[in-house]
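Worth knowing before you read on, the calculation uses all heavy atoms, side chains too, and leaves out hydrogens, waters and symmetry mates.
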Amino acid sequence: SWTSARAVAALAVIATPIAMAGKAKSNAALTSAVAASHRSDANRARDPFRNPSATLAFFGIKPEMKVVELWPGGGWYTEILAPYLAAQGKLIAAAPAGRGAESMAKRFDANPALYGKVERANFPTVLGGTGVAPGTAERGVELVLPDGPQQRERLPRVPEELVEDQ
């Protein structure tokens with residue numbers, strides 16, 4: 001009916017600025033995390049190619065999310081996500097047991113103010129890794145980020161016959 005249509009239109013006019021304000025606050029926090037002075041020069045140099053704000057916004061990142069970063073490598077995502085998720089969300093950094101985990105631990109232990117809330121996990125557990133804490137998946141992991149080209153190469157490939165022509 002006409003009255004219902006006007007009510008829906010009025011609700012959309014009222015709700016849009018509220019939704020936009022929440023998104024703007026989230027985007028401002030993300031922009032701040034990307035621009036933060038603690039980020040390494042090497043990781044900042046990659047920003048024009050990886051577009052961190054746009055990439056993470058595309059993934060739907062929100063400050064209250066639970067995110068698992070696989071193979072944090074040089075910490076490009078970690079430097080951004082650790083402060084971004086610290087207050088409301090959770091970052092779980094998962095590295096292979098051995099050198100990967102040792103490198104991650106060294107970086108995290110050197111800056112507890114930045115990385116103190118980041119949970120650590122190692123894999124595979126059959127080689128002494130700790131795994132992700134029991135119950136973590138029960139409460140939902142919203143995003144898993146593999147980091148670095150060498151890690152993406154290890155991910156399963158989509159068969160060519162399933163890839164649509166561009």
Can you list the residues that meet the side chain to side chain contact (heavy atoms under 4.5 Å, CB included) rule with Ala82, with sequence neighbours excluded? Leu91, Leu114, Tyr115, Val118
For Ser32, side chain to side chain contact (heavy atoms under 4.5 Å, CB included) partners two or more places apart: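 With neighbours one apart ignored, the set is empty.
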What's the shortest heavy-atom distance between [X] and [Y], and which atoms?
X: Pro72; Y: Thr78; answer: CB-OG1, 3.6 Å
X: Val34; Y: Ser53; answer: CG2-OG, 3.6 Å
X: Tyr84; Y: Pro63; answer: OH-CD, 3.1 Å
X: Lys90; Y: Leu85; answer: O-CD1, 3.6 Å
X: Asn43; Y: Gly74; answer: ND2-O, 3.2 Å

Less than 4.5 Å apart, any side-chain heavy atom of Ile61 and any of Thr55? no
Between the CH2 atom in Trp76 and the CZ atom in Arg46, the distance rounded to the nearest 0.5 Å is 7.0 Å
Pairs meeting criterion salt bridge (charged side-chain N to carboxylate O under 4.0 Å, His left out) with involvement of residues 30-45, two or more places apart: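 Residue pairs passing salt bridge (charged side-chain N to carboxylate O under 4.0 Å, His left out), neighbours aside: Arg39-Asp47, Arg39-Glu79.
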Solution key, residues 93-107 side-chain donor-acceptor pairs under 3.5 Å, sequence neighbours excluded:
from   : atom 1 : to    : atom 2 : distance (Å)
Arg107 : NH1    : Gly73 : O      : 3.1
Arg107 : NH2    : Gly73 : O      : 3.2

